[in-house]
**Q** 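Just passing along the structure, written as structure tokens.
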There are 2 protein chains.
Amino acid sequence: MFELHGFAGLIHFPTLYIQDAIRLGQGRFRHIDKGEVILYQGEIASRAYWVVQGLLRSYSLDSAGKIHVFMFAPEGWIVSDVQSFTFLEPSNLFIDAMEPTLIIELNQSYLSVQSLNEGDVTHAINKLLRRISILQQRVIMLMSASAAERYEHFLETYPDLVNRVPLKWIASYLGITPEALSTIRGRIKDK
Amino acid sequence: MFELHGFAGLIHFPTLYIQDAIRLGQGRFRHIDKGEVILYQGEIASRAYWVVQGLLRSYSLDSAGKIHVFMFAPEGWIVSDVQSFTFLEPSNLFIDAMEPTLIIELNQSYLSVQSLNEGDVTHAINKLLRRISILQQRVIMLMSASAAERYEHFLETYPDLVNRVPLKWIASYLGITPEALSTIRGRIKDK
DNA sequence: AGGATTTCTTAATCTAGATTAATGTGCGGC
DNA sequence: GCCGCACATTAATCTAGATTAAGAAATCCT
């Protein structure tokens with residue numbers, strides 16, 4: 001089972017398993033310490049990171065030095081800066097580990113069409129389209145929903161992350177401050 | 001030249017031209033009046049719309065009845081609700097014409113892998129990944145940039161639309177009110 | 001375990017942008 | 001060509017969420 005979610009990507013190649021990736025020389029295991037940064041803004045993302053155990057996140061840093069969490073990647077997810085990984089452009093994102101994490105590093109050959117059969121390609125395209133849908137919904141959410149509504153949506157989408165991710169990073173993912181999210185939680189509890 | 005930008009999609013099949021689309025029975029010309037709605041929220045988007053001449057837009061309607069413009073589609077663009085078109089789910093979006101518009105309606109067979117060669121597929125995947133990158137940037141923008149910065153970014157991205165699209169819809173695309181955008185324009189002029 | 005650092009909560013201001021409202025401008029239809 | 005209506009501007013409030021601040025709770029590290 002190969003899933004590329006990610007900044008951008010959510011590709012699923014149903015015929016590929018961990019063993020295949022390792023055997024084919026397209027991936028290798030690596031341990032990441034909590035807090036360790038494995039991709040820096042400005043670098044070319046030469047690899048994608050498949051989370052076996054643990055939790056990665058990707059984020060951008062604005063001109064004021066503020067972190068904006070783009071996504072979280074728990075077990076089973078693959079994360080990279082898809083733009084950088086695909087087009088060999090400098091990354092807009094950092095990727096680091098929020099927990100001690102075991103990953104498989106994947107190289108570019110994973111995205112090549114030659115190595116896939118037609119079913120895989122159809123599935124990959126569907127997953128990309130699905131990922132586009134998710135981003136579409138997130139854009140609409142950011143444009144039209146209040147912070148409280150976006151938080152409720154986050155809870156539905158990632159029910160297991162609430163107890164794993166510090167509040168301040170959930171707030172960052174939602175595009176609000178930790179104080180604002182704390183107040184929202186307080187209001188929910190009062191009801 | 002076949003481009004699927006869109007809510008989500010930006011697919012380019014370089015070997016397909018208008019003539020091919022028509023000859024293959026996968027598309028047919030249609031004229032859309034200004035203001036005419038060609039896709040309603042809740043419908044299945046059975047077709048994608050390739051703009052030959054004119055301007056379409058897609059938008060969502062929130063619970064308060066407010067319109068949120070998701071994207072504009074001038075000449076050369078293809079627009080649909082990719083989620084609905086691909087997965088046959090009810091559309092989140094409306095699509096209507098902002099100018100009298102000539103389109104080619106495309107049916108589902110355009111997205112099928114069988115009808116494409118390997119180069120086409122690679123190109124299609126690249127375009128999807130590119131579209132994901134654009135959405136990624138828009139999410140980051142919405143989270144971290146001020147309304148004025150987002151307006152500047154809009155001007156860079158769509159230099160020709162400023163004089164074609166009413167201010168109120170540009171404001172909607174940016175996620176702000178017409179009054180706020182008017183004030184921003186005033187401040188830019190004063191400098 | 002215990003001191004240090006980071007995170008969370010709560011509350012008092014502050015501000016970007018929303019809302020409301022009133023006036024001005026442009027454009028399409030007859 | 002001018003009437004009518006949609007669109008744009010400007011200004012006065014209003015409000016969600018930011019900022020600041022300070023104390024409480026959790027977590028980390030040796």
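In what follows, chains carry the letters A, B, and so on, assigned in the order in which the sequence lines appear, proteins first and then strands, with residues in each chain numbered from 1.
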**Q** Could you tell me whether Pro178(B) contacts a base, only the sugar-phosphate backbone, or nothing, with contacts defined as non-hydrogen atoms closer than 4.0 Å?
**A**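 Answer is nothing: Pro178(B) stays at 4.0 Å or more from every strand.
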**Q** Reading DNA chain D in the 5' to 3' direction, which nucleotide is the first one with an atom under 4.0 Å from a heavy atom of chain B, and which is the last?
**A**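 Answer, 5' to 3': dC7(D) to dT10(D).
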**Q** Please identify each residue that fulfils salt bridge (charged side-chain N to carboxylate O under 4.0 Å, His left out) with Glu43(B), with sequence neighbours left out.
**A**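 So Glu43(B) forms no salt bridge (charged side-chain N to carboxylate O under 4.0 Å, His left out) with any residue.
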**Q** Show every side-chain hydrogen bond (donor to acceptor under 3.5 Å, both in side chains) that has at least one partner inside residues 165-176 of chain B, sequence neighbours left out.
**A**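 Of all non-adjacent pairs touching residues 165-176 of chain B, none passes side-chain hydrogen bond (donor to acceptor under 3.5 Å, both in side chains).
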**Q** My understanding is that only residues two or more places apart in sequence, or in another chain, count here; which of them pass side-chain contact (heavy atoms from CB on, under 4.5 Å) with Ser146(B)?
**A**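 If we apply the side-chain contact (heavy atoms from CB on, under 4.5 Å) test to Ser146(B), skipping adjacent residues, the hits are Ala148(B), Glu149(B).
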**Q** For DNA chain C, what residues of residues 169-176 of chain B have any heavy atom nearer than 4.0 Å?
**A**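 Heavy-atom contacts with DNA chain C come from Gly175(B), Ile176(B).
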**Q** Once side-chain hydrogen bond (donor to acceptor under 3.5 Å, both in side chains) is applied, do any residues pair with Thr101(B), and if so which ones, sequence neighbours excluded?
**A**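 With neighbours one apart ignored, the set is empty.
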**Q** For Phe72(A) and Leu55(A), which heavy atoms make the closest approach, and how far apart are they?
**A**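 Heavy-atom minimum between the residues: CB-CD1, 4.3 Å.
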**Q** Using rotation axes that map the C1' atoms of four end pairs onto the next four (five pairs an end), what angle separates the end axes of the helix from dA1(C)-dT30(D) to dC30(C)-dG1(D), to 10°?
**A**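 Computed from the C1' atoms at both ends, the axes differ by 60°.
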**Q** Are the side chains of Tyr49(B) and Ile78(B) in contact, using a 4.5 Å heavy-atom criterion?
**A**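 No - every pair of side-chain heavy atoms lies 4.5 Å or more apart.
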**Q** Taking the nucleotide of DNA chain C with the nearest heavy atom to each, does Ala180(B) or Lys34(B) sit closer to the 5' end?
**A**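 With Ala180(B) and Lys34(B) compared, the 5'-side residue is Ala180(B).
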**Q** Specify the separation, in whole Å, of atom CG of Leu181(A) and atom C1' of dC8(C).
**A**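 Whole-Å distance recorded here is 10 Å.
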**Q** Tell me the closest heavy-atom pair linking Asn92(A) and Asp81(A), and the distance in Å.
**A**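 Residues Asn92(A) and Asp81(A), closest heavy atoms: N-OD2, 2.9 Å.
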**Q** With sequence neighbours excluded, tell me which residues meet salt bridge (charged side-chain N to carboxylate O under 4.0 Å, His left out) with Glu75(A).
**A**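 Residues passing salt bridge (charged side-chain N to carboxylate O under 4.0 Å, His left out) with Glu75(A): Arg164(A).
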**Q** Could you list who else is in Ile44(A)'s hydrophobic cluster, with ILVMFWY side chains joined at under 4.5 Å, directly or through other members?
**A**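 Answer for Ile44(A): Leu88(A).
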**Q** Taking the basic N atoms (NZ, or NE/NH1/NH2) and the acidic carboxylate oxygens, is any pair closer than 4.0 Å for Arg130(A) and Glu89(B)?
**A**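 Salt bridge between Arg130(A) and Glu89(B), a charged N being under 4.0 Å from a carboxylate O: yes.
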**Q** Expressed in angstrom and rounded to an integer, what is the separation of Arg185(A) atom CZ from dT10(C) atom C1'?
**A**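 One finds 15 Å between C1' of dT10(C) and CZ of Arg185(A), rounded.
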**Q** So, using ring-ring contact (aromatic ring centres under 6.0 Å, His included) as the criterion, who are the partners of Tyr40(A) when residues are at least two apart?
**A**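 Checked Tyr40(A) against ring-ring contact (aromatic ring centres under 6.0 Å, His included); matches are Phe94(A).
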**Q** State plainly whether the residues Glu105(A) and Arg30(A) are in salt-bridge range, i.e. N to O under 4.0 Å.
**A**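 Counted as a salt bridge, because a side-chain N and a carboxylate O are separated by less than 4.0 Å.
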**Q** Between the protein and nucleotides 22-26 of chain C, list every N/O to N/O distance that falls short of 3.5 Å.
**A**
none

**Q** Return the set of residues passing salt bridge (charged side-chain N to carboxylate O under 4.0 Å, His left out) with Arg57(A) (not counting sequence neighbours), or none when no residue passes.
**A**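 Salt bridge (charged side-chain N to carboxylate O under 4.0 Å, His left out) check on Arg57(A) returns Asp96(A).
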